[in-house]
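Presented below is the structure to which this report refers.
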Amino acid sequence: MAEDRGLASLRRRRLLKSLAAAGFSVSVAGCSGDGSDTEDEGDPEYELGPGDQSYIAGSTSAAQSISPAVISDEATSNRLDLLYDSGGTIDDEDISFEGRLLSEWELSDDARTARYRVRDGLEWGAGYGQLTAEDYVYCATNFFLADWAQYSQRPSFAPGGEPIEYVQTGELTFEARLPERRPNWLHEDILYGVPILPKGLIQKYEPGNGSEGDLQGLNRDEAITSGELNGNLGPFNLVSWEKGQRMVLSANDDYYLADADVGGGEYEGSPSIDSYTYQVFDERTTGYSALKAGDITSIGVEARKKSELSSATGVETWSSKFGSGVFWLNLNFRANGWSQLRSREVRQALAHLLDKNTLIEQIKNGNASPIDTFHPRWGPYYDDAKITTFESSVERARQKLASGTSSDYGYDGQDRLIGPDGEQVELTVVIENTSQEGEIVGNFLRQRLESAGIAVSVEGNSFDRLLQNYLFNSVDNNPNYSGDPEFNVGRYNGGPPDQAVSREQWDILSGVGFSASPYAPWTPIEFTLTPQGPFNFNGYRTDEYDIQGAINEAPNAESQEATQEIMTDLFGFLSRDQPYVWAFSEHQIAAYREGVEGLPEVENFFDGPSARLLSLSTAQAGTPTPLANESSGSGSSNSS
Amino acid sequence: MGMKWYVVRRVVWAVVATYLAVSLTFGLLMVTPNAGADVAAAQAAASGQDYDAVRERYLERRGLDRPVEEQYVDYMTNIVTLDWGYSFSQGEPVLGAIGEAWVYSAQYFVPAILISALLGYGIGLYSALNRYTPTDYLGSFVAYFGISIPNFWFAIVLILLFGVVFRLLPTFYDSGVALLSVQNAKQLLMPVVVLSTASVAGQMRYSRAQAIEYARSAFVKTARAKGASEWRVLTRHILRVALVPLSTILIADVLAVLFAGSFIIETIFQIPGLGRLALEAIQQRDTPLVLATTLIPVFIAILGNLLQDLAYVALDPRIDYGDR
């Protein structure tokens, strides 16, 4: 669906998206929130947009491939989701497993074995026969976990570094034997979240008889490029795909879910839309115009444009406050950053200076929520009682700067913060300046820091330059260090902070966000906040709290309560320590023609529009088909 | 013999110029950091794989890990043998990608060039012969408007007016529409108008200036004295000579449109043509495609200049390349 919803800045979020695609977020489809806003009654003649039962979704990003074997970005994932169903999803009613290709999912009491049942009556296309447990086990073992496949989400099939053992237990049943206890496996299990490949197709291209495996050949196989592989497994069939331009799909009349007893009959007769098209817009403004004109049916919306589109005739907006992308100010703890940033009190002073509500109002028109730690306030591991907050106050900031900096710093008679050289402290603030948001953030920070007596130099950069000049770091950039670094885990963390530094000097950096992965937050924390995390480009470390120990323990703790305790403690510490200056969590926003029916009420992270349930009201047909909203209410055994 | 020898030398020079342009582009790409490799490696690192190993594999798969001289020789050989390589950003051979894209560009590009040339020269000549009249002022207004208004802004305003407010034209280019259809003509209208507006302006101003210059010349006075009609004076005497410098402007305009105009027009109207193809190739550091999309305007420039020099002789009998 409108997969771009809530993307305020494509460039700014490129890293965020790439990381999410690499397995950080639980579900890109899941979002929920504060309901839809309809502010206009619309002209019935064109409220539908493109026409009866034809749905055109505008998107600012294009699918890179139509092969289920290669999914490395959100746009590709969303398009393939319409061709191939995955094993299951999360039921938005009771946060349990809701079946798709898999009818049952169950975790053993000792949290060491996940058991699955493949739905009966599933058929591959292109002559690959019935989908059985053998396909699942073969695909997981010989493709997802195999080196030749270079599968982007491979680490998710090896929790703790050990590969999962998949074993077939019947024609339609199999189980995953986990290398360690994983009580939270419902939110970590990647197998039911991705499309799979038939055993016969993998065998055609896998290594053997002297060959090394032909991944390119697999991706170019006729069954995949024509889309015929999907059989009755997806709601739509592929009509055409023009890379970078559009993908046209038509309703799959054989779709298994149309007759399956899932979600209390919610999907009966789905999909309701005859034709579904993804239309790419390089220029977002053109996409907005197309929606207003009724040339397309929906598009993701930048936060600052929400009110403008809400007031357009025939358009309604849908939004969710349950976004998983979080943004913060990065602080440079490396040798070429301001040394005083290593003081917690100084970082807390910066938190007092960052007036989050004003910032959100200025750059998001209020369509974001402040955060206090590496977790949204609505997240399952957020505990108010353990979180430290910092009210917006220049006075408090000055007090903490005065007491938190070393003894050779202090304020002069003109309220300027003076450093050891007798000059006013000047910080370099780096922003991504290809969007208006970046410029606003830069000016806002300058104003706030100057009010606290700190001079500011703002450096604007494109996202690419931001990566190369500021995020990448290496000992080669450090004239005061020679020799090999103690460790090197890649370009974003080329060594300890006193050894590896970025090419350009910086102190505060804005414009890079991350998915907080709210239901499995340990992975992003490990990647960004542990000393050898591959994305710890800031160089953060602490002796006060064993972050690595906490995130090792949390996912396989004895109980959910124990996991809860560990994570809420950790998030409490992160709010207090401010390794980054936490800023906000974006809302997800999309705009639709008023004729679109079936947008969900938003109550949690997993409530999101689904192309399987959307329908279009028609002027000719009168009232649209009512949609059932009952859920299966499945219990802890998670069958449907 | 003299003219033939000149043409041969010009063709040889065209080959040398092409070689230099392609080599220069290749050199620039070689010193540009490979963002594609960085992003791929970053994603891999995010999922726990070895950053450097993935980066190396990325480069290896695309042959970018080989010595520069080896890549250079390979590429030049492929250019000559019309094997322009495989575009990884498009997932198909470079010539295939260009073959699909040029049709979309030509659909708005050719009409825009023809319209701008006809209108530009027409209005310019008319203005020159009717100086300081209201129609001359109107022509000048059109010219200054076209020069002053940024393409991207004009395109967005047109979309808002004719697509959103009046709903007369589609807001974006639908590649699923049949080539020869009214719907296709309608969706090409705004791109053609935007593109030709800027070109009309330039050509109108130049043709007006040229025509004014020749309108006072002795041979025009002689033609008038011999009783030639105003139309004959204009088309046979003034326009013919004025076309020599104007043809130079035309080539420059075509190139300007190809290099800059098509990027903007195609991005805003979502036309899957050569401009967007080139832009994506540059953004993704798709070397074979960048070089191929660079070659096309280079060829047009070189060929256009050659044809233009030859056209001089036909247009102005005083020009002779025999001794050059």
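Letters A, B, ... mirror the listed sequences (proteins, then strands); counts begin at 1.
- Residue contact with chain B, scored on non-hydrogen atoms closer than 4.5 Å, is absent for A:Glu526.
- Looking at B:Ser105, its side chain does come within 3.5 Å of a backbone N or O of B:Leu274 through a donor-acceptor pair.
- Using a 4.5 Å cut-off between heavy atoms, B:Ile156 touches chain A through its side chain atoms alone.
- Interface remark: A:Thr285 contributes side-chain atoms only to the contact with chain B (heavy atom separation under 4.5 Å).
- Looking only at distances, no side-chain donor or acceptor of A:Asp221 sits under 3.5 Å from a matching main-chain atom of A:Gly217.
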Worksheet item: What do the steps show when you test A:Ser298 against A:Tyr55 for side chain to side chain donor-acceptor pair (under 3.5 Å), and what is the final call?
Response: CA-CA 8 Å; A:Ser298 68; A:Tyr55 193 105; 2.9 Å; yes
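- Listed for the A:Asn493 side chain is a donor-acceptor partner under 3.5 Å among the backbone atoms of A:Gly533.
- For chain B, the nearby parts of A:Val280 are the backbone and the side chain; heavy atoms of each come within less than 4.5 Å.
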Worksheet item: Does the side chain to side chain donor-acceptor pair (under 3.5 Å) test come out yes or no for A:Gln532 and A:Asn536, once each step is laid out?
Response: CA-CA 7 Å; A:Gln532 297 197 29; A:Asn536 186 357; over 6 Å; no
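- Contacts with chain B were tallied for A:Glu283, A:Gln245, A:Arg220; A:Gln245 has the most, counting heavy-atom pairs under 4.5 Å.
- Ranked by non-hydrogen atom pairs under 4.5 Å with chain A, the options B:Glu266, B:Gln90, B:Glu92 are led by B:Gln90.
- Remark: side-chain polar atoms of B:Asp174 are not paired, donor with acceptor, to backbone N or O of B:Phe172 under 3.5 angstrom.
- Within the 4.5 angstrom heavy-atom criterion, only side-chain atoms of B:Tyr104, from C-beta onward, approach chain A.
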